[in-house]
Amino acid sequence: MSELADAQVGDELFGLPPEEFVAARDDLARRLRREGEPEAAKQVKALRRPPLSAWAVNQLARRPGEGLGPLLAAGERLRAAHQAALAGEGAAELRAAAKDERDAVAGLVRSAMELLGEAGHPTTDATRDRVAATLHAAAASPEAAAEVGSGRLTADLDPSGFGAVPDGAFEGEEAAGAATGRRGAGTTAGRAAGRGGRAGVEPAAGGNGDRGAAAEDEAAARRARRAAAVAARDDARKRARLAADQAVLATRHAERLGRLADQAEREAGRARATAAAAIEAASAARERATRAAKDLREAEDRISADH
């Protein structure tokens with residue numbers, strides 16, 4: 001029964017539109033309790049609704065065709081090239097692998113934004129950055145790749161630590177989407193209210209509604225600013241790590257060139273010593289040849305004088 005529950009969590013919950021997740025999760029938990037699976041029901045009830053960015057990545061992983069395959073292949077190539085580069089070789093391969101990984105992420109981010117737009121959800125810069133961060137994490141870590149590939153993310157991933165982004169760090173975009181929904185007809189909140197509040201959405205209070213909405217919008221803006229700051233921090237952290245890796249690579253390359261220069265200098269010293277010895281030997285040979293020629297002339301002179 002637990003295996004069946006796991007399959008239902010993947011098929012029925014993470015493939016649903018975000019606004020239907022909570023109601024479907026609670027229905028499944030109640031059904032599991034009725035069927036005598038309290039532990040499975042507790043686990044299902046503890047599942048968190050994915051933020052829009054994680055939901056979009058889940059849909060990328062679950063869609064037919066190549067899905068995340070090219071990204072995961074590019075990430076595997078990049079990790080191998082990175083290790084080779086740190087060993088002092090394959091810098092060109094590292095640059096090519098990094099470009100392939102960036103291109104794969106950029107293409108998937110565009111697809112994720114299209115999915116969100118088609119589902120009627122906001123496609124903000126913060127959401128775009130969070131999707132990109134999760135995809136970069138999947139390319140950088142086999143563990144993150146497996147988590148993203150499962151299509152069951154409940155939080156965004158951080159490429160600098162390959163873990164979940166802190167709770168509440170990126171809530172501004174969802175809150176802004178909710179505020180937009182209150183101003184439109186037939187919104188998610190309205191549908192949930194029509195179902196008797198199954199999605200856990202409470203009706204808006206009357207009276208000071210305008211002031212309450214303005215206050216909520218201001219809070220959403222503050223959260224959005226925090227989200228942007230966190231995204232900028234993560235991007236700076238990633239650039240710093242890349243710069244540090246490049247510095248290590250450059251240092252090792254310089255050390256390797258230094259070793260080659262030392263070796264060349266030693267070989268040049270040995271060659272100079274050999275050449276000097278050859279010059280001395282040639283000089284001695286010339287001297288012997290000169291003496292031999294002199295002795296020969298003297299001998300010939302003596303023979304001529306005797307006749």
Tell me whether E93 is salt-bridged to R77, with the criterion being a basic N under 4.0 Å from an acidic carboxylate O.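 Yes, charged N to carboxylate O under 4.0 Å.
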
I'd like to know if R31 and D27 make a salt bridge, using a cut-off of under 4.0 Å between side-chain N and carboxylate O.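 Answer for the salt bridge query: no.
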
Assess the residue pair L13 and R152 against the criterion (side chain to side chain contact (heavy atoms under 4.5 Å, CB included)); give the C-alpha distance rounded to whole Å, side-chain angles, the decisive distance to 0.1 Å, and a yes or no. CA-CA 9 Å; L13 297 183; R152 300 184 183 187; over 6 Å; no

With no hydrogens and no angle check, is any side-chain donor or acceptor of [X] less than 3.5 Å from a backbone partner on [Y]?
X: T290; Y: R286; result: yes
X: Q83; Y: R79; result: no
X: Q59; Y: F14; result: yes
X: T134; Y: L157; result: yes

Ignoring hydrogens, what is the shortest heavy-atom contact between [X] and [Y]? Give both atom names and the distance.
X: L47; Y: R25; result: O-NH1, 2.7 Å
X: A139; Y: L71; result: CB-CD1, 4.1 Å
X: G151; Y: R62; result: O-CD, 3.8 Å
X: A41; Y: A29; result: CB-O, 3.3 Å
X: L116; Y: P122; result: CD1-O, 4.3 Å
X: A97; Y: A81; result: CB-CB, 4.0 Å

Flag the pair [X] / [Y] as yes when at least one side-chain heavy-atom distance between them is below 4.5 Å, and no otherwise.
X: E19; Y: H121; answer: yes
X: R128; Y: V109; answer: yes
X: L153; Y: V148; answer: yes

To the nearest 0.5 Å, what is the distance between [atom1] ([X]) and [atom2] ([Y])?
X: R102; Y: H136; atom1: CZ; atom2: NE2; answer: 8.5 Å
X: L135; Y: L68; atom1: CG; atom2: CG; answer: 7.0 Å
X: L108; Y: L115; atom1: CG; atom2: CG; answer: 10.0 Å
X: D26; Y: F21; atom1: CG; atom2: CZ; answer: 9.5 Å

Residue pair D100, L78: steps toward the side chain to side chain contact (heavy atoms under 4.5 Å, CB included) verdict: CA-CA 8 Å; D100 287 349; L78 179 59; over 6 Å; no

One pair to check against salt bridge (Lys or Arg N to Asp or Glu O under 4.0 Å): K99 and D103. What are the steps and the verdict? CA-CA 6 Å; K99 182 180 184 302; D103 291 345; 2.9 Å; yes

All side-chain contact (heavy atoms from CB on, under 4.5 Å) counterparts of E267, not counting sequence neighbours: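 Checked E267 against side-chain contact (heavy atoms from CB on, under 4.5 Å); matches are Q263, R270.
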
In a check of side chain to side chain donor-acceptor pair (under 3.5 Å) between R130 and each of T124, D158, D125, D156, which one passes?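 Running side chain to side chain donor-acceptor pair (under 3.5 Å) over T124, D158, D125, D156 with R130 returns exactly one hit, D156.
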
